[in-house]
Amino acid sequence: MKKIIKNFYDYLDERLHLEDLVHFMGKKYVPVHSHSLWYYFGGVSLFFFIVQVITGILLLFYYKAGPDLAFESIQYIMSKVQFGWLIRSVHGWAANLFILSAVIHMFSVYFEKAYRKPRELTWISGMLMLFLGMGFGFSGYLLPWNELSFFATKVGSDIAGAVPIIGEPMKILMRGGPDVTGATLSRLFGFHVALFPGIFTVVLGIHLLLIQRQGISEPMHFEQLDKKEKKTMPFFPNFLLRDLLLWLVMLNVLAILAVFFPAELGHKADAFGSAPEGIKPEWYFLFMFQSLKYLPAHILFIEGEVLGILLFGAAFALWLIVPFWDRKTARGEQNKLITYIGIFVIIFIIVLTILGWVA
Amino acid sequence: MKKIIFFVFTLFLLNGFFFLHGKTPESSDQCFVCHEQLGGVADLFKKDIHFQKGISCSGCHGGDSKTDDMDKAMSKSAGFLGIPKGDDISLRCANCHAKKEMMQKYGSQLPTNQLELLKASVHGKLSTNGKEKIIQCTTCHNAHGIVSVKNPVSPVYSLNIPNTCGKCHSNAKYMQTYNPSLSVDQVAKYRTSVHGMLNAKGDPKPAECASCHGSHGIRATADTKSQVYALNIPETCSKCHSDAQYMAGYKIPTDQYAKYAKSVHGKALLEKHDVGAPACNSCHGNHGATPPGVESISKVCGSCHALNADLFSSSPHKQAFDKEKLPECETCHSNHEILPATKAMLGVDKEAVCSKCHTETKSTKGYFVAQKMRSYIDSLDVSEALALKLIYEAEQKGMEISETKFKLRDAHQAKLEARTMVHSFNEEKFKEVVIGKGLAVTTASISEAREAVDNYFFRRYGLMVSVFIISLLSLSLYLYIKQIEKKQASKLP
Amino acid sequence: MSDLDSNQNRRSFLKYLLSTSIVGFFASVLYPIVSYLNPPKQNEVEVSTVLAGKISDFEKDSGKIIRFGNKPVLVIRTEKDEFKALSAVCTHLDCTVQYKKEMGLIWCACHNGKYDLTGKNVSGPPPRPLEVYQINKQGENIFVSKKA
């Protein structure tokens, strides 16, 4: 057995020079310090993404997009296909956990200010993936074509439609018409299984390439340390194996969640039915949804909702380009302001999400 | 046909007459001056509303009424038309009656769409000989001697209408020529109805033919625009019967339409457009419209609700109702406002109809039977609700339960059958349907759905196995990492 | 010496544990995936054709309710040896109808609704005719399918 593996490795090595790769990986080090834990969330996000790709492909084998068949095919997957319930529930849970771990990953990078030069592009590619992840969530939510998803999509795209000038065309583009219909389903299905995965894969490739090229970011206080005082661990095998260990733990968590809290079917969407009470978007949109609710109908001469959407847009844009306006960190100084802003944002999101949840 | 021959014949005669006598006294209407001496039509025309308004013979017949020279007056160059024939008759009338300004000139407020309506009507579309339509204006209004509708001598005065219509519609031989399938007993039936009897007594208010069928625009009953098309009947009747002012003096209520519209029949007909649902005439008759008597109610309802009527007739209630002179179906279901039957009607509660007669102290046997029957239905309802809940739960958990769901249809069926069977007022028969059929199905469904839900929890055993394996792998991987790091540490200087 | 030995033992045990649990892991992940890929018995989302039974399963001049997806369908073998299939759901209040030999009609027990053998509502409260399904014979087998 060992001999076969050895022979296979030699065969590949002869052609691909694997030795270089192993050497390169062996020379990569991950800094060890009190905040090292946060390094793992990027890998965990990657794990959930892989789970999504696998379960997503599996669901595609039985799912049929279209207002007549979407709900029925999900019903079919849930009841007739062996382990269909498991695949669907895992897909649903991994989607949520992906967003969660990506958000944690994003905030850890933010607070460590790891976005500073030379990793601006890594930050931007990561943020793009987070936005895409939300897009995945929004488009995937409609696919079961049940009452809840139908009306959540309606409300969600209505909010997008309130953006001045570009809102209306954006809404039409998203819905494939003025209303949420079967056309919307086909469209969001296309986004969910073709457009978004395509873009995501490219951006993910860039993101990973940048990390491999630049190495793992060191915390700022490492810069003052002597080379001998820097505690590190080899990326391979130490860090990679730990990452794998965490992936296994996450897989366990997923399985438990999928069995104890399986994805529900709900009632089939009826375009002419009245909206069920308490329509809420997915939890990661909840803080925005809730803050828009608190805004008065009119602020000065502008509609409250429109102003809110514009403010959120501006905030996201500022957040996205933080590596470029945070000059202090770029110079290697401590920038407390960034930390305070971050803490404020986290508190804001948590409080409004809870308020939205309870409401 | 005879009439026409007669007219032509008189015309010839008259022509000769004029020829012989030649000269007549000067007058503004020379036609009338001559024809008056001849009697006949001219005498009739004297009473005609058109004559009274100063319209000359030439208004319809053409020619020059100013001259006493017969050749000139009745020459083609003077526009003489003679006797209009066929469809030309109505066109002659419409010459003035379809023109607003013309009608205003004579101070008339009459509508101007009669010919238009007539053309769209069954009378204006059909033809017996292929040349002319069945009815011309003159058929009902007469040719000479036309008077206002309000004038009791008019053939279209409300008291005269039945006979006017009956001239053709009661004539089997005539009706055969163009609609052999139509019966010819309408007037005879009408005379037996409340409307017809009052009409015969000289009351002009009760409905006659035109009240329901319309006058100029009469359409076939199958025509959706007809006032007597099934969907339109309730509104047609309500035109009078919901008008409290109009109905004053007849001592009957005017809320039938409002009640009917709320009823299960009214909703089926007016909202769902189910033309099979009964309209007013289905129970009251149409031409012989009369309220059904106490005796006949169950026959009337039973014409559709046959099973219920059969069961009722063989039940002990039949005799009791007859003795008390209670109207059968109506006693419990009311008449116009028949609501969908629910279980609330059954039992001994306040809303239950049984408690109207059966109380704890009076007719006690029925009281206890009603109480029991209600309890059967209640337990079926509870059981069905539980079965539905469990099936839904199992479905949401992704369990295959369609077989059970399919089977549960029988519970719904049992409930509907129970609604019929209740008319036997026999506890045993009722129990057999509700408990024997319905509850048996729901109980079986409940246990199957429970099993499905239990099966769902069986998944947890599978989960336990895989969680164990993954945990084991995690643990060994952890130990493996420790081992590697120990080795690395020992290698360091 | 014994210390080294036990170290060696521990190491080989760990290797054994690691390799078996990797195999177990792949089994527990692949098992659901492989069974998922195995097509289920009912291999379409919507039922379009159902085997009603063999010709010999139906007596002459009788009817039988079969399951068509979630809906009951009444399959009738007429006196003249024709096969007919109609929706068994009464259009009045959703009861299940049955073939009545004595009347040669389709009859609903709930309100005495009657339909003729083409599904037309001929008497009683049903407002609409019954939906007609298509019959296909394949050798001895009778198939019922939705009319296109």
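Reminder, nothing fancy here: chain letters follow the sequence lines and each chain counts from 1.
By number of non-hydrogen pairs under 4.5 angstrom with chain B, the leading residue of C:T20, C:L17, C:N121 is C:L17. Between chain B and the residues C:S28, C:P127, C:G113, the most heavy-atom pairs under 4.5 angstrom are made by C:P127. By number of non-hydrogen pairs under 4.5 angstrom with chain C, the leading residue of B:N308, B:D410, B:L307 is B:L307. The most heavy-atom pairs under 4.5 Å with chain C, out of B:R419, B:H412, B:K405, come from B:H412. By number of non-hydrogen pairs under 4.5 angstrom with chain C, the leading residue of B:L479, B:V275, B:L477 is B:L479.
Contact residues of residues 464-472 of chain B toward chain C are B:S466, B:I469, B:I470, B:L472 (heavy-atom distance under 4.5 Å).
Applying the ring-ring contact (aromatic ring centres under 6.0 Å, His included) test to C:F25 and every residue at least two apart in sequence or in another chain returns nothing. For B:K407, the salt bridge (charged side-chain N to carboxylate O under 4.0 Å, His left out) partners at least two apart in sequence or on another chain are B:E448.
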Using a 3.5 Å cut-off and no angle test, enumerate the donor-acceptor pairs between side-chain atoms of residues 94-105 of chain C and protein atoms at least two apart in sequence or in another chain.
from: C:T96; atom 1: OG1; to: B:R409; atom 2: NH2; distance (Å): 2.9
from: C:T96; atom 1: OG1; to: B:Q413; atom 2: OE1; distance (Å): 3.2
from: C:Y99; atom 1: OH; to: C:D61; atom 2: OD1; distance (Å): 2.5

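When all heavy atoms of B:I338 and B:S334 are compared, the pair lying nearest together is CG1-O, 3.6 Å. In plain terms, the two heavy atoms of C:Y115 and C:R128 that are nearest each other are CE2-O, 3.5 Å. Considering all non-hydrogen atoms of both residues, B:V433 and B:A414 come closest at CG1-O, 3.5 Å.
If you measure heavy-atom distances from C:P72 to chain B, the contacts under 4.5 Å come from both the backbone and the side chain. Both the backbone and the side chain of B:E417 have a heavy atom closer than 4.5 Å to some heavy atom of chain C.
Taking the side chain as every heavy atom from C-beta outward, C:E140 and C:S56 approach each other to under 4.5 Å. Looking at heavy atoms from C-beta onward, B:S379 lies in side-chain contact with B:I435 at the 4.5 angstrom threshold.
Between C:E59 and C:K64, none of the side-chain N atoms (NZ, or NE/NH1/NH2) sits under 4.0 Å from a carboxylate O, so this pair counts as no salt bridge.
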